[in-house]
Each structure stands twice: as C-alpha cells, then as structure tokens.
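Below, all heavy atoms of this structure are taken into account, side chains as well, without hydrogens, waters or symmetry copies.
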Amino acid sequence: MSLTHKIIAYLGRTPDFRTEIILQDNMVEGVSNPYIKEWNVAEAQPTEEQLNALESQATILESNNQVISTRIGLYGTTAQQLEYIVENGVDAFIARQNQIKSDNPKS
C-alpha cells in the first residue's frame, strides 16, 4: 500500500508533500522502497508499525480516490454539465449524476 495514503490516514488530512512531508524512494534491486525523508508537521512522526497498522484505511483511501477520478471523468467538464442541463433539464442531470455515483460506489 502507498506510503502516501498511510500518512494521510495517520494525519486525517492530506499534507503538502512538497514542504510538510517529503518522501524519498531508495530503490532496492529494482523494487520501490519509499520512506519519510523530512517530517515538518506538528504531529509526531509515526513509526513504521503505526503506519502499517493503517493499511486497511489507506487501502480505502486509495480505492476511493480511484472512484472519484472515474466519476470526474464521467461527469465531464463544467461546460459539458451545463450543456446537459440546458438540453435535458435539471431532473435528468441529477438522475445522470446519481447513476454515475451508483455505478461507481466508494468503499
């Protein structure tokens, strides 16, 4: 599971991964081996054991992010959504959005 998602689960928010938390990856025999290079947030830096305990939460976060990306693509741009409303009405638009959500449920 992604170290990024474990950190998000630990903090309960998405930190700025350019300034607050900087990750590094030391490839070992061609295998990714990410670690925390810098920890610049008020919360104490978690141990590897603490992060590993958040595996299931991180899996749900990653899965939900994939679902959200799929939904965004299906919703279309704001202009496309407005065009759909003008051509089909608000009720049809809401029904379409709800169908996209039910076809692509979050965990």
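- Within the structure, every pair that satisfies the salt bridge (charged side-chain N to carboxylate O under 4.0 Å, His left out) test and touches residues 11-32, not counting sequence neighbours, is listed here: Arg13-Glu20, Asp16-Arg18.
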Criterion side-chain contact (heavy atoms from CB on, under 4.5 Å) on His5 and Asn65, from CA distance to verdict = CA-CA 10 Å; His5 289 97; Asn65 283 345; 3.2 Å; yes
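- Ile60 and Tyr10 are not part of a single hydrophobic cluster, where members link through side-chain heavy atoms under 4.5 Å apart.
- When all heavy atoms of Glu38 and Asn40 are compared, the pair lying nearest together is OE1-ND2, 3.3 Å.
- Remark: the backbone N or O of Pro34 is not paired with any side-chain donor or acceptor of Asn26 at under 3.5 angstrom.
- Transitive grouping of hydrophobic side chains (ILVMFWY, heavy atoms separated by less than 4.5 Å) keeps Tyr75 and Leu82 in distinct clusters.
- Here the closest heavy-atom approach between residue Ala9 and residue Leu61 is recorded as N-CD1, 3.8 Å.
- Here the closest non-hydrogen pair linking Leu54 and Lys6 is CD1-O, 3.7 Å.
- For the atom pair OG (Ser107) and CD (Glu62), the distance works out to 11.0 Å, reported to the nearest 0.5 Å.
- Between atom CD1 of residue Ile36 and atom OG1 of residue Thr47 there is a gap of 9.5 Å, rounded to the nearest 0.5 Å.
- Residues Trp39 and Leu23 share a single hydrophobic cluster, defined by chaining ILVMFWY side chains whose heavy atoms lie under 4.5 Å apart.
- Of all the heavy atoms in Pro105 and Val67, the pair that sits closest is O-CG2, 3.5 Å.
- Residue pairs meeting the side chain to side chain donor-acceptor pair (under 3.5 Å) criterion with at least one partner in residues 80-95, sequence neighbours excluded, are Thr77-Gln80.
- Between the side chain of Ser63 and the main chain of Thr59, no donor-acceptor pair closer than 3.5 Å is present.
- For the pair Leu74 and Arg96, the tightest heavy-atom approach, listed with the atom from each and the gap, is O-NH2, 2.9 Å.
- A donor-acceptor pair under 3.5 Å is absent between the side-chain atoms of Arg71 and the main chain of Ile100, judged by distance alone.
- The CD1 atom of Ile68 sits 4.0 Å away from the NZ atom of Lys106 when rounded to the nearest 0.5 Å.
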- Query: Would Leu3 and Leu51 satisfy side-chain contact (heavy atoms from CB on, under 4.5 Å), going step by step from the backbone distance to the final call?
  - Reply: CA-CA 8 Å; Leu3 177 58; Leu51 290 174; 3.6 Å; yes
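- For Thr14, the side chain to side chain contact (heavy atoms under 4.5 Å, CB included) test picks out Ile8, Phe17, with sequence neighbours left out.
- Counting non-hydrogen atoms of other residues, nucleotides and ligands closer than 6.0 Å to CD of Glu43 gives a total above 12.
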